[in-house]
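Start at 1 and go down the list; that is how both ligands and their atoms are numbered. Quick note: numbers below take in every heavy atom, side chains included, and nothing from hydrogens, waters or symmetry partners.
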Amino acid sequence: MRIDVITIFPGYLAPLREALLGRAIGAGLVDLAVHDLRSWTRDVHQAVDDSPYGGGPGMVMRPQVWGEALDAVLALDERPARIVVPTPAGRPFTQATAQAWTGEERLVFACGRYEGIDQRVVDDARRRDLPVDEVSIGDYVLVGGEVAVLVMVEAVVRLLPGVLGNPASAQQDSFSDGLLEGPAYTRPEVWRGLAVPEVLRSGNHAKIARWRRDRALERTAQRRPDLLAALPEDALDDADRAF
Ligand SMILES: Nc1ncccc1[N+](=O)[O-]
């Protein structure tokens with residue numbers, strides 16, 4: 001997968017070259033290119049934003065600069081790309097989104113700052129039949145899209161084959177089965193007087209699986225009843241319902 005990020009703060013994306021993601025890049029599983037939006041400005045001040053039509057606070061990012069930047073970055077590689085615009089006004093980015101995007105050959109992230117990017121940039125891309133997703137990582141307002149890109153790239157890349165040491169962990173983590181993951185424990189057996197639940201040391205794999213499922217159901221019911229309500233009908237078996 002090729003990932004391009006266009007931003008006025010390239011340094012913000014440096015963490016993508018660390019640790020797991022850095023290794024995925026080193027292993028050739030991901031190609032990452034970060035582009036400074038100001039490269040496509042024409043004026044001496046390298047202005048990327050301007051006052052909003054209709055008045056109001058803040059600044060809006062200029063369509064000319066973004067149009068040229070996207071055209072130039074898209075032209076760098078012939079692979080079909082999905083354009084992603086992080087915005088608090090976007091559709092929710094979920095594990096399902098991350099899973100879906102693992103099928104993309106290329107993702108191009110457009111990081112908006114200030115009050116966002118002139119809407120015509122997205123409208124122009126869509127009318128040229130380029131897939132564009134405006135997505136939000138949560139109901140809060142960040143200063144720009146860069147942090148959201150770090151979140152989304154990590155969520156997607158960890159699912160790519162060969163990235164995680166043990167692919168099973170991506171299947172068993174929270175949300176993959178629609179439930180929150182339950183509590184986890186490791187050595188020592190007793191720590192500050194707190195013991196690991198007996199069942200986990202029983203070696204009885206059926207009982208352990210049941211116990212883990214019950215803890216996941218319990219935690220999901222307590223913290224995210226919305227997820228429980230959203231489960232498909234056949235997701236819970238009789239033992240689950242008994243819980
Ligand atoms: N929440 C956000 N705030 C600013 C920019 C992008 C955002 N997001 O969620 O993608």
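- In this structure, the side chain of Arg241 engages the main chain of Leu236 through a donor-acceptor pair within 3.5 Å.
- Cluster membership for Tyr140 and Val135, using ILVMFWY side-chain heavy atoms within less than 4.5 angstrom, is shared.
- The distance from ligand 1 to the heavy atoms of Ser136 drops below 4.0 Å at these ligand atoms: 8 (N), 9 (O), 10 (O).
- Within the listing of ligand 1, atoms 10 (O) sit less than 4.0 angstrom from a heavy atom of Val135.
- Ligand 1 places these atoms under 4.0 Å from at least one heavy atom of Tyr140: 1 (N), 2 (C), 3 (N).
- Residue, atom and distance of the protein heavy atom nearest to atom 9 (O) of ligand 1 are Ile137 N, 2.8 Å.
- A cation-pi contact, defined as under 6.0 Å to the ring centre and within 45° of the axis, is absent between Arg215 and Tyr185.
- The existence of a salt bridge linking Arg127 and Asp123 is excluded, since no basic side-chain nitrogen approaches an acidic carboxylate oxygen closer than 4.0 Å.
- Gly144 counts as a contact of ligand 1, since one of its heavy atoms falls under 4.0 Å from the ligand.
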Can I get a per-line list of side-chain donor-acceptor pairs under 3.5 Å for residues 225-232, giving both atom names and the distance, sequence neighbours left out?
from: Asp226; atom 1: OD1; to: Arg224; atom 2: NE; distance (Å): 2.9
from: Asp226; atom 1: OD2; to: Arg224; atom 2: NE; distance (Å): 3.3
from: Asp226; atom 1: OD2; to: Arg224; atom 2: NH2; distance (Å): 2.8

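- Every atom of ligand 1 is numbered from 1 in the order shown, and the set under 4.0 Å from a heavy atom of Pro86 is 6 (C), 10 (O).
- Remark: ligand 1 and Ala148 share no N or O pair separated by less than 3.5 Å (distance only, no angle test).
- Heavy-atom neighbours of Arg212 CZ from other residues, nucleotides or ligands within 6.0 Å: at or below the threshold of 12.
- Counting heavy atoms only, Thr87 comes closest to atom 10 (O) of ligand 1 of the residues Leu142, Val151, Val141, Thr87.
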